[in-house]
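In what follows, a structure is listed as structure tokens, so that the remarks can point back to it.
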Amino acid sequence: MGIEIARDVAALRRTVARWRAEGARIALVPTMGALHEGHLSLVQEAGARADRIIMSIFVNPTQFAPTEDFAAYPRSFDKDVAAFAAAGGDLVFAPEVAEVYPPGFVTKVSLGGPATAGLEDKFRPDHFAGVATIVAKLLIMAAPDVAIFGEKDYQQLAVIRRMARDLNLEAEIVGAPTIRAADGLALSSRNVYLGLNERGAAPLLHAALERCRAAILRGVPVASAVDSARDALTEAGFAVDYVAARHAETLAPVAARGESPIRLLVAARIGTTRLIDNIGV
Ligand code: PAF
């Protein structure tokens, strides 16, 4: 049978109920479309953990600030459906905005902990309320056994894990490793915004994190290693929003190696494009 496309929650739930009656284990891969190899690796992870795979494709307006790229966000629905089908997917859930946020919609998930760590939240103040609300809705609408998210958006993953635990959402939340281009740049739908020179410089972000990790492992104090990474990126022409060493789960600041599993996170702009990346130490 070909791939199914559900445009509303009722159609999604009918299919999910049929699969449940067949005893299938169900995975959800939430996306905003503009699929690349990173998304397809999430589908692969889903296939290893479930019998049926749902992908949501929904450019969620509530996670974009008015100054951000909601209208310009890359959209390639037909290509996405074909790529998902070729990767072994079963159902695309692609609702209209009014299906997700009908008139009168006022409810939001209120967050603390990793959502207020002073990283993305500092530069995108309403972003995680938008992300958490749509992800909670998707997990309630699709009721999957497992949901897969990329580690590329590391703070987002930490926020979703915390929310799922706090709200007793049943789905297991799984993080999948970042997929990178050969030169180290983390794959992102927004990489299409990079001009030729910016694309050339963009892998420095990952290289700076790698050097920072190596320095910490050599015994350089965490704060100095982080400062050197920030300086190197600034010298290379990036406008750095943050370079940070954080507890891998809570995202609380860490002062020294050995205190906790460390995650290094960076956000920086090159030209008009804002890039984020992270690695474990
Ligand atoms: O990571 C994304 O693509 C989005 O933030 C998500 C999780 C699909 C919610 O809109």
Side-chain angles (χ1 to χ4, degrees), residues 6 9 12 27-43 45-46 53-65 68-77 79-81 83-84 87 89 91-101 105 107-109 111 114-115 117 119-121 123-142 144 146-164 167 169 171-179 186-193 265 267 274-278:
V9 181
L12 169 68
L28 172 68
V29 180
T31 80
M32 299 204 300
L35 300 190
H36 50 64
E37 288 302 318
H39 295 110
L40 298 178
S41 77
L42 305 183
V43 176
E45 187 67 45
I53 312 172
I54 302 170
M55 173 177 278
S56 58
I57 298 182
F58 180 65
V59 185
N60 174 39
T62 66
Q63 68 188 76
F64 291 78
E68 292 180 347
D69 56 345
F70 173 69
Y73 194 84
R75 289 162 169 88
S76 50
F77 186 73
K79 216 170 127 221
D80 292 349
V81 171
F84 178 56
L91 180 146
V92 171
F93 177 51
E96 294 295 336
V97 171
E99 173 73 6
V100 177
Y101 302 114
F105 187 92
T107 303
K108 260 190 209 162
V109 178
L111 302 160
L119 299 166
E120 286 304 286
D121 51 296
F123 298 89
R124 308 182 71 190
D126 299 321
H127 175 66
F128 287 124
V131 168
T133 304
I134 187 61
V135 170
K137 282 175 70 77
L138 290 168
L139 293 176
I140 291 165
M141 292 187 283
V146 57
I148 321 285
F149 297 85
E151 285 185 346
K152 157 78 176 24
D153 292 293
Y154 195 81
Q155 190 178 6
Q156 167 175 285
L157 175 60
V159 168
I160 291 167
R161 281 193 201 285
R162 185 70 258 171
M163 173 186 72
L167 297 184
L169 298 175
E172 179 193 357
I173 306 298
V174 170
T178 301
I179 304 297
L187 298 193
S188 159
S189 305
R190 288 188 169 104
N191 289 352
V192 295
Y193 298 152
L265 304 103
R274 187 169 183 278
L275 300 171
I276 60 172
D277 202 350
N278 67 87

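In listed order, ligands and their atoms are each counted from 1. The structure displayed is predicted, hence computed values, not measured ones.
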Q: Would you mind listing every salt bridge (charged side-chain N to carboxylate O under 4.0 Å, His left out) that reaches into residues 147-157, with sequence neighbours excluded?
A: E151-R263
Q: Please indicate whether E37 has more than 12 foreign heavy atoms, meaning atoms of other residues, nucleotides or ligands, lying under 6.0 Å from its CD.
A: no
Note down each nitrogen or oxygen pair, ligand 1 side and protein side, whose separation is under 3.5 Å; give only atom names and the distance to 0.1 Å.
{"from": "ligand 1", "atom 1": "1 (O)", "to": "Q156", "atom 2": "NE2", "distance (Å)": "2.8"}
{"from": "ligand 1", "atom 1": "5 (O)", "to": "Q63", "atom 2": "NE2", "distance (Å)": "2.9"}
{"from": "ligand 1", "atom 1": "5 (O)", "to": "Q156", "atom 2": "OE1", "distance (Å)": "2.7"}
{"from": "ligand 1", "atom 1": "10 (O)", "to": "Q63", "atom 2": "OE1", "distance (Å)": "2.6"}

Q) Listed by chain and number, what are the ring-ring contact (aromatic ring centres under 6.0 Å, His included) partners of F105, not counting sequence neighbours? A) Y101
(Q) Checking H127 now: which residues fulfil ring-ring contact (aromatic ring centres under 6.0 Å, His included) with it, not counting sequence neighbours? (A) none
**Q.** Short side-chain to backbone donor-acceptor contact, E45 and A176, under 3.5 Å
**A.**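 No, E45 side chain to A176 backbone: no donor-acceptor pair under 3.5 Å.
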Q.
Keeping N60 on the side-chain end and G130 on the backbone end, is there a donor-acceptor pair under 3.5 Å?
A. yes
